[in-house]
Amino acid sequence: MAKLSTGDLLDAFKEMTLIELSEFVKEFEDTFDVTAAAPVAAAAAPAAGGAAAGGEAAAEQDEFDVILEGAGEKKIQVIKEVRTITGLGLKEAKDLVEGAPKPVLEKANKEAADKAKDALEAAGASVTVK
């Protein structure tokens, strides 16, 4: 089997739909027994702690994570909102909602984070923005 370059892999990924990419990531995680989301969460925690310690840096924060803490009683409405916000398929959105707490948006601007939070809370979910 010929070894693919990084550029070849990126070109192949560009041609895939979000659902196909999501399925690929799940298969990759299963095959290699890894989690793609873990490094992002681990990297975000020290950055948030450092920003809070910096004082002024925390006031100038321009990237926010919207974390779904729980779906509440209207789980179907929350799944619909997650699909609208993220563009995920039904199964992926359902898995995200059922696996709460999980990030719905990462590194979003203040306006997008607030809009997502308001939409999710209106659907009955509990949400935090970090």
Query raised in the report: Shortest non-hydrogen contact from Phe64 to Val129?
Result: CB-CG1, 3.8 Å
**Report entry** Value rounded to 0.5 Å, distance of OG1 in Thr128 from CG in Leu120
**Finding:** 11.0 Å
Report task. Considering only NZ, NE, NH1 and NH2 on the basic side and carboxylate oxygens on the acidic side, decide whether Asp114 and Lys110 come within less than 4.0 Å. Result -> yes
Query raised in the report: Between atom CG of Leu68 and atom CG of Leu105, what is the distance when rounded to the nearest 0.5 Å?
Result: 11.0 Å
Query - Which residues share a side chain to side chain contact (heavy atoms under 4.5 Å, CB included) with Lys115, sequence neighbours left out - result: none
Query raised in the report: Are Leu18 and Leu10 connected in a single hydrophobic cluster, I mean Ile/Leu/Val/Met/Phe/Trp/Tyr linked by side-chain heavy atoms less than 4.5 Å apart?
Result: no
Report summary line: Rounding to 0.5 Å, atoms CD1 (Ile79) and OG1 (Thr84) come to a distance of 12.0 Å
Could you list the donor-acceptor pairs under 3.5 angstrom formed by side chains in residues 90-104, with sequence neighbours left out?
unit_1, atom_1, unit_2, atom_2, d
Lys91, NZ, Asp95, OD2, 3.0
Glu92, OE1, Gly89, N, 3.4
Lys94, NZ, Glu98, OE2, 3.1
Glu98, OE2, Lys75, NZ, 2.8

**Report entry** side chain to side chain contact (heavy atoms under 4.5 Å, CB included) against Thr31, all qualifying residues, sequence neighbours excluded
**Finding:** Glu27
Query raised in the report: Should the heavy atoms of other residues, nucleotides or ligands under 6.0 Å from NZ of Lys74 be counted, would the total exceed 12?
Result: no
Report summary line: Distance col, row Phe28:CZ vs Leu21:CG, nearest 0.5 angstrom, shows 13.0 Å
Report task. Rounded to the nearest 0.5 Å, what's the gap from NZ on Lys80 to CD on Gln77? Could you check? Result -> 5.0 Å
Query raised in the report: Would a hydrophobic clustering, with Ile, Leu, Val, Met, Phe, Trp and Tyr connected at side-chain separations under 4.5 Å, put Val82 with Ile19?
Result: no
Query raised in the report: Shared ILVMFWY cluster between Val78 and Ile67, side chains joined below 4.5 angstrom?
Result: no
Query - Ala113 to Ala108 - nearest heavy-atom pair and separation - result: N-CB, 4.4 Å
